[in-house]
Amino acid sequence: MPAKLPFSADPKRAPKNPADAKRLALAIVAGPDSWGSDYVKRTPHLSADDYWPVLGAQCTWETGTRPGSVLYSVTAYSEIPASADRGLLRVSATVVVHRTESDADWEMAETLEEALRCPDQRLRDGERITGLMSLGSPFGVGGNYTAVDSLREAGAYVNDAVKGEQTYSWYQSRVGQVTVAAVVKGAPGHIAKDVDSAQVQALVAMVGRAEDQLEVQS
(Lines give C-alpha, C1' and ligand atoms only; values in the text may rest on other atoms or scores of the structure.)
Protein backbone atom coordinates (compact mmCIF):
# COMPACT_ATOMS: atom_id res chain seq x y z
CA MET A 1 0.00 0.00 0.00
CA PRO A 2 1.29 3.54 -0.71
CA ALA A 3 2.83 5.39 2.23
CA LYS A 4 1.20 8.62 1.15
CA LEU A 5 -1.49 9.70 -1.27
CA PRO A 6 -0.01 9.94 -4.80
CA PHE A 7 -1.93 13.13 -5.52
CA SER A 8 -1.03 16.80 -5.31
CA ALA A 9 -3.53 19.50 -6.22
CA ASP A 10 -2.45 22.17 -8.69
CA PRO A 11 -3.72 25.60 -7.60
CA LYS A 12 -3.71 26.70 -11.23
CA ARG A 13 -6.29 24.03 -12.09
CA ALA A 14 -8.61 24.79 -9.19
CA PRO A 15 -12.01 26.22 -10.22
CA LYS A 16 -12.42 29.83 -9.21
CA ASN A 17 -16.07 30.51 -10.10
CA PRO A 18 -19.41 28.65 -10.36
CA ALA A 19 -19.12 28.14 -14.13
CA ASP A 20 -15.74 26.43 -13.80
CA ALA A 21 -17.01 24.43 -10.84
CA LYS A 22 -20.05 23.25 -12.80
CA ARG A 23 -17.90 21.98 -15.65
CA LEU A 24 -15.69 20.18 -13.14
CA ALA A 25 -18.59 18.62 -11.23
CA LEU A 26 -20.30 17.34 -14.38
CA ALA A 27 -17.00 15.81 -15.54
CA ILE A 28 -16.69 13.94 -12.23
CA VAL A 29 -20.19 12.84 -11.19
CA ALA A 30 -21.04 9.15 -11.63
CA GLY A 31 -23.83 8.26 -14.01
CA PRO A 32 -25.26 4.74 -14.44
CA ASP A 33 -22.25 3.51 -16.44
CA SER A 34 -20.07 4.06 -13.37
CA TRP A 35 -22.31 1.84 -11.24
CA GLY A 36 -22.72 -1.13 -13.57
CA SER A 37 -24.43 -2.54 -16.63
CA ASP A 38 -27.79 -3.04 -14.88
CA TYR A 39 -28.12 0.64 -13.94
CA VAL A 40 -30.01 3.26 -15.94
CA LYS A 41 -30.71 6.98 -15.55
CA ARG A 42 -33.60 8.04 -13.39
CA THR A 43 -35.88 10.86 -14.51
CA PRO A 44 -34.86 13.55 -13.80
CA HIS A 45 -31.26 12.36 -13.89
CA LEU A 46 -29.54 15.49 -12.55
CA SER A 47 -30.48 17.76 -9.69
CA ALA A 48 -31.35 21.41 -10.32
CA ASP A 49 -28.44 23.89 -10.27
CA ASP A 50 -29.68 25.53 -7.07
CA TYR A 51 -30.57 22.30 -5.21
CA TRP A 52 -29.03 22.07 -1.73
CA PRO A 53 -30.39 19.61 0.89
CA VAL A 54 -30.27 20.54 4.57
CA LEU A 55 -30.91 18.32 7.60
CA GLY A 56 -33.28 20.34 9.78
CA ALA A 57 -33.53 20.55 13.55
CA GLN A 58 -36.25 17.87 13.52
CA CYS A 59 -33.98 15.46 11.60
CA THR A 60 -35.94 15.93 8.38
CA TRP A 61 -34.21 16.63 5.07
CA GLU A 62 -35.35 19.90 3.52
CA THR A 63 -34.39 22.07 0.56
CA GLY A 64 -32.10 24.86 1.68
CA THR A 65 -29.87 27.56 0.25
CA ARG A 66 -26.43 26.65 -1.04
CA PRO A 67 -23.79 28.19 1.25
CA GLY A 68 -21.33 30.75 -0.05
CA SER A 69 -18.45 28.33 0.54
CA VAL A 70 -19.80 26.04 -2.21
CA LEU A 71 -19.15 26.97 -5.84
CA TYR A 72 -21.38 24.25 -7.32
CA SER A 73 -23.05 20.97 -6.44
CA VAL A 74 -24.75 18.28 -8.52
CA THR A 75 -26.43 14.95 -7.80
CA ALA A 76 -26.92 12.28 -10.47
CA TYR A 77 -29.72 9.76 -9.88
CA SER A 78 -29.58 6.20 -11.26
CA GLU A 79 -31.49 2.98 -10.62
CA ILE A 80 -31.99 -0.67 -11.39
CA PRO A 81 -35.64 -0.99 -12.47
CA ALA A 82 -37.89 -3.43 -10.64
CA SER A 83 -38.27 -6.92 -12.09
CA ALA A 84 -40.13 -10.10 -11.19
CA ASP A 85 -37.62 -11.02 -8.47
CA ARG A 86 -36.06 -7.69 -7.50
CA GLY A 87 -37.39 -4.38 -6.24
CA LEU A 88 -36.54 -0.93 -7.59
CA LEU A 89 -32.99 -0.08 -6.43
CA ARG A 90 -32.22 3.62 -6.32
CA VAL A 91 -28.73 5.09 -6.07
CA SER A 92 -27.25 8.56 -6.35
CA ALA A 93 -23.87 10.24 -6.75
CA THR A 94 -23.07 13.75 -5.53
CA VAL A 95 -20.18 16.09 -6.27
CA VAL A 96 -19.66 19.28 -4.25
CA VAL A 97 -17.05 21.78 -5.39
CA HIS A 98 -15.98 24.04 -2.53
CA ARG A 99 -14.04 27.27 -2.69
CA THR A 100 -11.21 25.85 -0.57
CA GLU A 101 -9.92 22.56 0.80
CA SER A 102 -10.75 23.81 4.28
CA ASP A 103 -14.40 24.26 3.27
CA ALA A 104 -14.45 20.69 1.94
CA ASP A 105 -12.98 19.47 5.23
CA TRP A 106 -15.79 21.18 7.10
CA GLU A 107 -18.37 19.42 4.95
CA MET A 108 -16.81 16.04 5.78
CA ALA A 109 -16.92 16.86 9.49
CA GLU A 110 -20.50 18.10 9.30
CA THR A 111 -21.59 14.92 7.52
CA LEU A 112 -20.16 12.83 10.35
CA GLU A 113 -21.87 15.06 12.91
CA GLU A 114 -25.26 14.69 11.21
CA ALA A 115 -25.34 10.94 11.83
CA LEU A 116 -24.50 11.51 15.50
CA ARG A 117 -27.12 14.24 15.85
CA CYS A 118 -29.81 12.41 13.89
CA PRO A 119 -29.40 8.61 13.82
CA ASP A 120 -33.01 8.51 12.60
CA GLN A 121 -33.73 10.76 9.61
CA ARG A 122 -36.78 11.46 7.47
CA LEU A 123 -35.86 11.68 3.80
CA ARG A 124 -39.35 12.57 2.52
CA ASP A 125 -42.92 11.41 3.01
CA GLY A 126 -42.89 7.63 3.36
CA GLU A 127 -39.10 7.28 3.43
CA ARG A 128 -36.72 7.33 6.38
CA ILE A 129 -33.39 6.05 7.70
CA THR A 130 -32.99 4.46 11.13
CA GLY A 131 -30.03 3.43 13.26
CA LEU A 132 -27.57 5.49 11.23
CA MET A 133 -23.90 5.20 12.19
CA SER A 134 -20.88 6.96 10.68
CA LEU A 135 -17.13 6.35 10.59
CA GLY A 136 -14.40 8.60 9.22
CA SER A 137 -11.16 7.27 7.71
CA PRO A 138 -8.27 9.56 6.78
CA PHE A 139 -5.80 8.27 4.19
CA GLY A 140 -4.17 5.00 5.30
CA VAL A 141 -6.86 4.16 7.87
CA GLY A 142 -9.75 1.74 7.51
CA GLY A 143 -8.79 0.64 4.01
CA ASN A 144 -8.76 4.18 2.60
CA TYR A 145 -5.88 4.36 0.12
CA THR A 146 -7.61 6.47 -2.54
CA ALA A 147 -8.48 9.83 -0.95
CA VAL A 148 -7.30 12.42 1.55
CA ASP A 149 -10.30 11.64 3.72
CA SER A 150 -13.29 9.33 3.51
CA LEU A 151 -16.33 8.38 5.54
CA ARG A 152 -19.10 5.83 5.54
CA GLU A 153 -22.60 5.98 6.94
CA ALA A 154 -24.74 2.87 7.29
CA GLY A 155 -28.22 2.22 8.61
CA ALA A 156 -31.62 0.78 7.73
CA TYR A 157 -33.75 2.24 4.94
CA VAL A 158 -37.51 2.13 5.39
CA ASN A 159 -39.93 2.82 2.55
CA ASP A 160 -43.60 2.58 3.45
CA ALA A 161 -44.31 1.17 -0.03
CA VAL A 162 -41.92 -1.76 0.51
CA LYS A 163 -42.21 -4.47 3.14
CA GLY A 164 -39.44 -4.64 5.73
CA GLU A 165 -36.17 -2.78 6.23
CA GLN A 166 -33.47 -2.47 3.58
CA THR A 167 -29.82 -1.41 3.70
CA TYR A 168 -28.84 2.25 3.54
CA SER A 169 -25.23 3.14 2.73
CA TRP A 170 -23.38 6.41 2.08
CA TYR A 171 -19.71 6.55 1.03
CA GLN A 172 -17.99 9.93 0.76
CA SER A 173 -14.43 11.02 -0.06
CA ARG A 174 -12.54 14.29 -0.38
CA VAL A 175 -10.07 15.16 -3.12
CA GLY A 176 -8.67 18.67 -2.68
CA GLN A 177 -11.58 21.13 -2.62
CA VAL A 178 -14.01 18.52 -3.98
CA THR A 179 -16.14 15.98 -2.13
CA VAL A 180 -17.77 13.02 -3.86
CA ALA A 181 -20.44 10.72 -2.45
CA ALA A 182 -22.17 7.53 -3.57
CA VAL A 183 -25.46 6.58 -1.89
CA VAL A 184 -27.57 3.42 -1.97
CA LYS A 185 -31.12 2.91 -0.76
CA GLY A 186 -31.53 -0.87 -0.76
CA ALA A 187 -34.37 -2.90 -2.25
CA PRO A 188 -35.60 -6.51 -1.93
CA GLY A 189 -33.91 -9.19 -4.02
CA HIS A 190 -30.56 -7.48 -4.52
CA ILE A 191 -27.37 -9.19 -3.36
CA ALA A 192 -25.68 -6.97 -0.79
CA LYS A 193 -22.11 -7.63 -1.94
CA ASP A 194 -23.00 -6.78 -5.54
CA VAL A 195 -24.61 -3.50 -4.55
CA ASP A 196 -21.70 -2.61 -2.27
CA SER A 197 -19.23 -3.38 -5.04
CA ALA A 198 -21.14 -1.10 -7.44
CA GLN A 199 -21.16 1.67 -4.83
CA VAL A 200 -17.41 1.44 -4.24
CA GLN A 201 -16.85 1.33 -8.02
CA ALA A 202 -18.85 4.54 -8.52
CA LEU A 203 -17.02 6.29 -5.68
CA VAL A 204 -13.56 5.26 -6.87
CA ALA A 205 -14.43 6.38 -10.40
CA MET A 206 -15.34 9.84 -9.11
CA VAL A 207 -12.20 10.06 -6.98
CA GLY A 208 -10.09 9.18 -10.01
CA ARG A 209 -11.80 11.76 -12.21
CA ALA A 210 -11.39 14.44 -9.54
CA GLU A 211 -7.69 13.69 -9.28
CA ASP A 212 -7.30 13.78 -13.06
CA GLN A 213 -8.98 17.17 -13.18
CA LEU A 214 -7.14 18.76 -10.24
CA GLU A 215 -3.69 17.19 -9.88
CA VAL A 216 -0.36 18.68 -10.84
CA GLN A 217 0.51 17.69 -14.39
CA SER A 218 4.01 16.42 -15.06
Side-chain angles (χ1 to χ4, degrees), residues 25 28-48 51-56 58-63 73-96 111-112 114-135 137 142-143 146 150-173 179-207 209:
I28 293 171
V29 72
D33 290 349
S34 297
W35 292 84
S37 59
D38 290 344
Y39 292 82
V40 298
K41 292 181 179 180
R42 283 171 56 190
T43 303
H45 177 53
L46 297 179
S47 58
Y51 174 67
W52 185 259
V54 175
L55 186 61
Q58 302 303 314
C59 297
T60 295
W61 284 96
E62 306 163 351
T63 300
S73 174
V74 65
T75 297
Y77 303 97
S78 302
E79 65 184 25
I80 296 179
S83 62
D85 57 351
R86 298 191 302 183
L88 172 64
L89 178 71
R90 289 184 165 176
V91 302
S92 60
T94 297
V95 177
V96 181
T111 302
L112 283 171
E114 285 171 348
L116 296 173
R117 175 168 65 91
C118 294
D120 299 330
Q121 301 175 6
R122 179 177 172 272
L123 301 179
R124 57 180 58 83
D125 288 343
E127 291 185 74
R128 61 190 185 279
I129 308 164
T130 64
L132 193 63
M133 296 182 293
S134 62
L135 177 66
S137 300
T146 60
S150 70
L151 62 88
R152 183 183 182 187
E153 294 183 348
Y157 169 62
V158 180
N159 186 326
D160 290 348
V162 179
K163 184 177 180 180
E165 293 183 345
Q166 307 300 324
T167 299
Y168 176 85
S169 180
W170 174 303
Y171 288 152
Q172 182 169 321
S173 294
T179 63
V180 296
V183 185
V184 170
K185 295 188 290 187
H190 291 272
I191 300 173
K193 68 176 183 179
D194 291 344
V195 176
D196 187 67
S197 177
Q199 186 177 18
V200 172
Q201 178 177 290
L203 184 78
V204 171
M206 290 191 289
V207 168
R209 291 172 194 157

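All residue numbers refer to positions in the sequence shown, counting from 1.
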For the residue pair [X] and [Y], what are the closest heavy atoms and their distance?
| X | Y | result |
| --- | --- | --- |
| Trp35 | Val183 | CH2-O, 3.7 Å |
| Gln172 | Thr179 | NE2-CB, 4.0 Å |
| Thr111 | Trp170 | CG2-NE1, 4.3 Å |
| Tyr77 | Pro44 | CD1-O, 3.8 Å |
| Ser34 | Gln201 | O-NE2, 2.9 Å |

If we only count heavy atoms from C-beta on, is the [X] to [Y] side-chain gap below 4.5 Å?
| X | Y | answer |
| --- | --- | --- |
| Arg117 | Leu55 | yes |
| Arg42 | Val91 | no |
| Val195 | Thr167 | no |
| Gln58 | Cys118 | no |
| Leu203 | Ser173 | yes |
| Leu151 | Ser134 | no |

task = Return the set of residues passing ring-ring contact (aromatic ring centres under 6.0 Å, His included) with Tyr171 (not counting sequence neighbours), or none when no residue passes.
result = none
key: N/O donor-acceptor pair under 3.5 Å between Gln199 side chain and Ala182 backbone   = yes
inquiry  = Can you tell me how far apart CD (Glu153) and CE (Met133) are? Round to the nearest 0.5 Å.
reply    = 11.0 Å
note = Distance col, row Arg124:CZ vs Thr60:OG1, nearest 0.5 angstrom, shows 12.0 Å
query = If you look only at pairs with a residue in residues 79-95, which of them pass as a side-chain hydrogen bond (donor to acceptor under 3.5 Å, both in side chains), with sequence neighbours excluded?
reply = Thr75-Thr94, Ser83-Asp85
query = Which pairs count as side-chain hydrogen bond (donor to acceptor under 3.5 Å, both in side chains) when at least one residue sits in residues 184-193, sequence neighbours excluded?
reply = Glu127-Lys185
inquiry  = The test is side-chain contact (heavy atoms from CB on, under 4.5 Å); show your working for Cys59 and Glu114 and say whether it passes.
reply    = CA-CA 9 Å; Cys59 297; Glu114 285 171 348; over 6 Å; no
side-chain contact (heavy atoms from CB on, under 4.5 Å) involving [X] - partner list, sequence neighbours excluded:
| X | value |
| --- | --- |
| Glu165 | Thr130, Ala156, Val158 |
| Val74 | Ala25, Leu26, Val29, Leu46, Ser47, Tyr72, Val95 |
| Gln166 | Tyr157, Val162, Pro188 |

task = Please indicate whether Ile191 has more than 12 foreign heavy atoms, meaning atoms of other residues, nucleotides or ligands, lying under 6.0 Å from its CD1.
result = no
